[in-house]
Amino acid sequence: MSNTKKWFSLNLGNKKKEQSSSCGCGSTTGGCNSNNASAAIGEEKHKDGFDQVFDVKMDRRTAFKQLTASLMIGAGAVSTSCSVTSGDESKEKAQIDWEEQFKGNYKLMTDDEKKATVERLSRSYQLRTGKTVDISSRNAEEDVLFGYAFNISKCQGSMDCVNACVEENNQDRNSQMQYIRIHEMMDGQGFKFNEADDNYYHEVPAEGHFYMGTQCFHCDNPPCTKVCPVQATWQEEDGLVVIDYDWCIGCRYCMAACPYDGRRFNWTEPEIKEEKINKNQHYLGNRPRKKGVMEKCTFCVQRSREGQNPACVDACPTGARTFGNLLDPDSTIRWVLENKKVFRLKEELGTEPKFWYYMD
């Protein structure tokens, strides 16, 4: 039985987852003036490449990889001439970039393949910056299903959670990317998000107002994953809804499908100063993204799978945020669900968000 089924069997849903080739001239730097020979070699390899691709049974992605490599050699994009050799590190970087370009979808990788791509990314960062980064590929633990609860009575709108999230998750500073939204609403007016102020610049808490945070709710029945045409987003065994940024094509279907405004799109190349980059990362979490892809809250997978709270939980000055394992009967999150009058947004949609609200 899956973790999710275990959880919902508790019936607490409403109450309470990288070439040196040597052209043979013996030189490792500079040109070898053998253009004609190189062209002939390239043409032969170009021909052999087609033979290898079409005479061997292989899947489409492997075939495309080999065919593209052959075409590039034949065209001179990947040269066998010594004139392009610029040192071992440059060759290593080129190999890493090549292998990363043709890696598979993280969801379908074996543990060894996950480890290999993480090692490549870490080495690539070191070659570029001279610094080290710790990227994890830690999988979901058994008997863990993450959930979240938000105490509306305690939130005072300080936005410490938003700032902590931005720093922890390497979000773009230029566009002021934010996963968490804090909505300031009038007392007695209900939850009117269309009338809420999400960009207030005054002392908080403001008299006659209350505050309510939203982010990705990590639904158990997430509509966002179902509309992705390339399977770049999915739900993990511990309930976390994640994205493989290298497979995302930026179509934004998932953004349109999410009824909670939980997804963000990188319209420009993200900018983060080197000294501000959080080097404790997870492949599916806070590793720096690129222009043209979706991203979102992951319940700080780089922290939560290490037994820590998401950054927003620890940053909240009033203790309005609770996070934990829904399958652990002794967890604080379970106590909240069993002892408070909790509710979820848009329950009628059947998305089963693992994010509850309550008031003291």
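For this chain, numbers begin at 1 and follow the sequence in order.
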Participant: Between Phe323 and Tyr148, what is the ring plane arrangement, given parallel below 30°, perpendicular above 60°, and tilted in between?
Facilitator: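 The arrangement is perpendicular - the two ring planes meet at more than 60°.
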
Participant: If you define the side chain from C-beta out and look only at heavy atoms, does anything of Asp111 sit under 4.5 Å from Asn139?
Facilitator: yes

Participant: Take Arg287 and Asp246, measure what salt bridge (Lys or Arg N to Asp or Glu O under 4.0 Å) needs, and give me the verdict at the end.
Facilitator: CA-CA 11 Å; Arg287 64 187 178 101; Asp246 297 331; 3.1 Å; yes

Participant: Just to verify, what does Tyr179 make a ring pair (Phe, Tyr, Trp, His ring centres under 6.0 Å) with, not counting sequence neighbours?
Facilitator: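 With neighbours one apart ignored, the set is empty.
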
Participant: Hey, are Glu184 and His202 close enough side-chain-wise for a donor-acceptor pair under 3.5 Å?
Facilitator: yes

Participant: Below 4.5 Å, heavy atoms only, C-beta onward: do Asn169 and Cys300 meet side chain to side chain?
Facilitator: yes

Participant: Does one hydrophobic cluster hold both Val144 and Phe299, with members joined at side-chain heavy-atom distances below 4.5 Å?
Facilitator: yes

Participant: Would you say the side-chain atoms of Gln302 and Glu168 include a donor-acceptor pair closer than 3.5 Å?
Facilitator: yes

Participant: Could you give the distance from NE2 (His209) to CD (Gln156), rounded to the nearest 0.5 Å?
Facilitator: 14.5 Å

Participant: Regarding Thr117 and Glu100, is there a side-chain donor-to-acceptor distance under 3.5 Å anywhere?
Facilitator: yes

Participant: Would you say the side-chain atoms of Thr110 and Asp112 include a donor-acceptor pair closer than 3.5 Å?
Facilitator: no

Participant: For Lys340 and Asp360, what are the C-alpha separation, side-chain angles and deciding distance, and is it a salt bridge (Lys or Arg N to Asp or Glu O under 4.0 Å)?
Facilitator: CA-CA 8 Å; Lys340 297 292 184 177; Asp360 289 332; 3.4 Å; yes

Participant: Please list all pairs passing the side-chain hydrogen bond (donor to acceptor under 3.5 Å, both in side chains) test where one or both residues lie in residues 322-331, with sequence neighbours left out.
Facilitator: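 Those involving residues 322-331 do not exist here.
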
Participant: Can the ring centres of His183 and Tyr211 be said to be less than 6.0 Å apart?
Facilitator: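 For His183 and Tyr211, the ring centres are not under 6.0 Å apart.
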
Participant: Would you check if there is a donor-acceptor pair between the side chains of Asn170 and Asn278 at a distance under 3.5 Å?
Facilitator: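 Side-chain D/A pair, Asn278 to Asn170: absent.
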
Participant: Does NZ or CZ of Lys354 fall inside the cone over Phe146's six-membered ring, less than 6.0 Å from its centre and within 45° of the axis?
Facilitator: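 The answer is no, since Lys354 fails at least one limit relative to Phe146.
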
Participant: Rounded to the nearest 0.5 Å, how far does CD of Glu338 lie from CD1 of Ile333?
Facilitator: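 Reported value, rounded in 0.5 Å steps: 10.5 Å.
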
Participant: Does any non-hydrogen side-chain atom of Tyr253 lie less than 4.5 Å from one of Cys224?
Facilitator: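 A side-chain contact under 4.5 Å is absent here.
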
Participant: If two hydrophobic side chains count as joined below 4.5 Å and joins carry through other members, does Ile272 share a cluster with Tyr283?
Facilitator: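 In one cluster with Ile272: Tyr283, yes.
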
Participant: Can you see whether Asp134 engages Gln281 through a side-chain donor-acceptor pair at a distance of less than 3.5 angstrom?
Facilitator: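 Per modelled atom types, Asp134 and Gln281 side chains form no pair under 3.5 Å.
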
Participant: Are Phe210 and Tyr200 linked, directly or through other ILVMFWY residues, by side chains that come within less than 4.5 angstrom of each other?
Facilitator: no

Participant: Taking Pro329's backbone N and O only, do any of them form a donor-acceptor pair with Trp335's side chain (distance below 3.5 Å, no angle check)?
Facilitator: no

Participant: Hey, would you say the Phe343 and Phe191 ring centroids sit under 6.0 Å apart?
Facilitator: yes

Participant: Taking the side chain as C-beta and beyond, is there a heavy-atom pair between Met212 and Cys155 under 4.5 Å?
Facilitator: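 No - every pair of side-chain heavy atoms lies 4.5 Å or more apart.
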
Participant: Search all heavy atoms of Asn105 against all heavy atoms of Val230 and return the closest pair with its distance.
Facilitator: ND2-O, 3.8 Å

Participant: Roughly how far apart are Cys219 SG and Leu349 CG, rounded to 0.5 Å?
Facilitator: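 Taking SG in Cys219 and CG in Leu349, the distance rounds to 9.0 Å.
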
Participant: Could you tell me whether the side chains of Tyr125 and Thr132 share a donor-acceptor contact shorter than 3.5 Å?
Facilitator: no

Participant: Got a salt bridge between Asp244 and Lys107, using NZ or NE/NH1/NH2 to carboxylate O under 4.0 Å?
Facilitator: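 So Asp244 does not pair with Lys107 through a salt bridge.
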
Participant: If you apply the rule salt bridge (Lys or Arg N to Asp or Glu O under 4.0 Å), what do you find for Glu92 with Arg123, and how did you get there?
Facilitator: CA-CA 9 Å; Glu92 183 182 3; Arg123 179 55 177 160; 2.8 Å; yes

Participant: Should side-chain heavy atoms under 4.5 Å link Ile, Leu, Val, Met, Phe, Trp and Tyr, which residues sit in the same cluster as Tyr245?
Facilitator: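 In the cluster with Tyr245 are Ile243, Met255, Phe265, Trp267, Met294.
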
Participant: Should the pair Arg303-Glu306 be classified as a salt bridge under the 4.0 Å nitrogen-to-oxygen rule?
Facilitator: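 A salt bridge is absent here (no side-chain N lies under 4.0 Å from a carboxylate O).
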
Participant: Could you walk me through whether Glu274 and Lys279 pass the salt bridge (Lys or Arg N to Asp or Glu O under 4.0 Å) check?
Facilitator: CA-CA 10 Å; Glu274 177 61 34; Lys279 298 178 176 61; 3.7 Å; yes

Participant: Under 3.5 Å, is there a donor-acceptor pair between the Thr233 and Arg263 side chains?
Facilitator: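 Result is yes, a qualifying pair exists.
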
Participant: Would you say that Gln171 contacts Arg289 through its side chain, given a criterion of any heavy-atom pair below 4.5 Å between the two side chains?
Facilitator: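 Of all side-chain heavy-atom pairs linking Arg289 with Gln171, at least one is under 4.5 Å.
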
Participant: Would you check if the side chain of His218 reaches a backbone N or O of Cys297 as a donor-acceptor pair within less than 3.5 Å?
Facilitator: yes

Participant: Which heavy atom of Val241 sits nearest a heavy atom of Lys296, and at what distance?
Facilitator: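 Val241 and Lys296 have their closest heavy atoms at O-NZ, 2.5 Å.
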
Participant: Are Lys103 and Glu113 ion-paired here, with the side-chain N under 4.0 Å from a carboxylate O?
Facilitator: no

Participant: Flag the pair Cys254 / Cys228 as yes when at least one side-chain heavy-atom distance between them is below 4.5 Å, and no otherwise.
Facilitator: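 Side-chain contact under 4.5 Å: no.
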
